[in-house]
2 protein chains.
Amino acid sequence: MVGRKPERKSAPPTDVRAHVLASATRLFAARGFDGTSLQAIADEVGVAKPSVLHHFPSKEALRASVLDNMLAHWSEALPRLLLAATAGEGRFDALVGELISFFAADTDRAKLLVREAMDRPDEVRLLLTAQVRPWQTAISEYIRKGQRHDEHFADVDAEAYVLHVINLVIAGLAVFDTFRVLLPDASVAESRARYVTEIIRIAKSSLFAGPALSAEPRDPSLEGAPNRRNGTTR
Amino acid sequence: MVGRKPERKSAPPTDVRAHVLASATRLFAARGFDGTSLQAIADEVGVAKPSVLHHFPSKEALRASVLDNMLAHWSEALPRLLLAATAGEGRFDALVGELISFFAADTDRAKLLVREAMDRPDEVRLLLTAQVRPWQTAISEYIRKGQRHDEHFADVDAEAYVLHVINLVIAGLAVFDTFRVLLPDASVAESRARYVTEIIRIAKSSLFAGPALSAEPRDPSLEGAPNRRNGTTR
DNA sequence: CCTACCGATCGGTAGG
DNA sequence: CCTACCGATCGGTAGG
């Protein structure tokens, strides 16, 4: 009945498609797919609803594009991750660190993945099998090699371990905005630093056998790595 | 326009309120609050939509009741958990084991909590502060005591550690139905056993210092506990 | 990129 | 517990 206000946004009036994609990503992550109307997206971008459907044939297509877009960013980050995984000493730290960096850079990525896992299990199962399983297998074999050399705990279930580390990072960052009330530091950045540092510590100390970590530091050269031990006793 | 089929269900025709609550719990967990219509709930129960709204004044009230109902079950499980936490040797195993039991008994509980954390951060923040923070504080103090006796790693961030264990259990079980494709065991029960056993192992071995776990078992009496080490080398 | 509009479905109400 | 119905909003289309 009532006409919608044109309401120009601060962003350039061109590039509507990219703007729609960005708004949809934010809103799907925050409220979920079913909790987000095309009208809400159109309002944020500052266009009429049919304009959204000009760039994406349907709401379902928009959802697929949002996911594709995130996976494209992941492919972009892959080379850095591969490089980290092959570096000498701090391989493990660097690998987990890169994983965390990707999802910490934009927690919408983590939220979208967790929502998809719950809303569209079949779709995500296919995605996991195609995109994650090769990594899981490779890392698991690396872990078993370490187990034969007594570097890793003998009772680690390699495949399950990899899953739980992935879950720690992704689900952990997906709910961080909510859970951070239980880490009431001075700044959000500070509590997030604590949060991710502890993820890395848990992942590492539940894998590496050898001398107790608190007794003798394994390698002083790791101190400069993005994830340092700082013995928080609070 | 068209009339809805009455379509009796196998469950007794009385007890409609409980039936609505059960259906709503299942559907909210599986499809989310916004993805579930009152009509879908009514259809499952086998009543007309207004009958649902006779038992619950609004959809929002139904959501609150679903959450309340779950928290009531939690309160029911608390005594067993408290008992486990004060038992002698296997305290830690028993505590984490009870936490897992509660959410493994019905993964809808985990899914609902994860969905609420993402959909209603403010509400869940209040819930965390009131219901979880006291536990987090108590367990953190216990951990710091252990740290002073060199039983626990010195670099554990107690508060963050507790959060991550909670996240491992709850988010882990919330996405298990989807993630289990990456643990392709003979039966679902088998892969879930592997999955939760590894959660307990990660939680434990990232906390307890002392002799390497794979070297000398801490206490043979733990073997009978619901969570046993079985050195999965696959 | 817009206005104008479609049928379907949403949560909820009236009234019995 | 039902039928009948409400206004609002949903995703999507027509047509320019």
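Within every chain, numbering begins at 1; the chains are lettered A, B, ... in the order of the sequence lines, protein sequences first and strands thereafter. Quick caveat: nothing in here was measured; it's all calculated off a predicted structure.
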Point to revise | Nearest to side-chain heavy atoms of B/His55, which nucleotide of D/dC1, C/dC10, C/dG12 | key: D/dC1
Check your understanding: Counting only Watson-Crick or G-U wobble pairs whose two distances fall under 3.5 Å, which nucleotide matches C/dG16?
Key -> D/dC1
Review point. Touch check for A/Leu38, heavy atoms < 4.0 angstrom, all strands: base, sugar-phosphate only, or nothing?
Key: sugar-phosphate
Point to revise | B/Lys204 NZ/CZ over B/Phe92 ring centroid, <6.0 Å and within 45° of normal | key: no
Point to revise | Separation of atom CG in B/Leu53 from atom P in C/dC10, rounded to whole Å | key: 13 Å
Revision key, fill the gap. To the nearest angstrom, the CG-P distance between A/Leu27 and D/dG11 comes to 12 Å
Review point. Is the cationic atom of B/Arg109 (NZ for Lys, CZ for Arg) positioned less than 6.0 Å from the six-membered ring centroid of B/Phe102 and within 45 degrees of its normal?
Key: yes
Practice item. Measure the distance from CD on A/Glu60 to C1' on D/dC10 and round it to the nearest whole Å. Key: 15 Å
**Study point:** Passing candidate, side-chain hydrogen bond (donor to acceptor under 3.5 Å, both in side chains) with B/Glu44, options B/Gln39, B/His19, B/Arg26
**Key:** B/Arg26
Check your understanding: Is A/Arg115 salt-bridged to B/Asp119, going by a charged N under 4.0 Å from an acidic O?
Key -> yes
Review point. Which base, if any, makes a Watson-Crick or G-U wobble pair with D/dG11, both distances under 3.5 Å?
Key: C/dC6
Check your understanding: Which one, C/dC10, D/dG12, C/dC2, comes nearest to the side chain of B/Ser37?
Key -> C/dC10
**Study point:** Between C1' of C/dG12 and CG of B/Leu62, the distance in whole Å
**Key:** 14 Å
Review point. Can you tell me how far P of D/dG12 sits from CZ of A/Arg63, to the nearest Å?
Key: 12 Å
Review point. Rounded to the nearest Å, what distance is computed from the CD atom of residue B/Gln39 to the C1' atom of nucleotide C/dG11?
Key: 11 Å
**Study point:** Contact nearer the 5' end of DNA chain D, comparing A/Lys49 with B/Ser51
**Key:** B/Ser51
Revision key, fill the gap. Atom CD1 of A/Ile41 and atom P of D/dT9 are separated, to the nearest Å, by 17 Å
Check your understanding: Which one, D/dC2, C/dC2, C/dG12, comes nearest to the side chain of B/Lys59?
Key -> C/dG12
Review point. Under 3.5 Å, is there a donor-acceptor pair between the side chain of A/Arg180 and the main chain of A/Asp185?
Key: no
**Study point:** Interatomic distance, A/Phe28 CZ vs D/dG11 C1' [rounded to whole Å]
**Key:** 12 Å
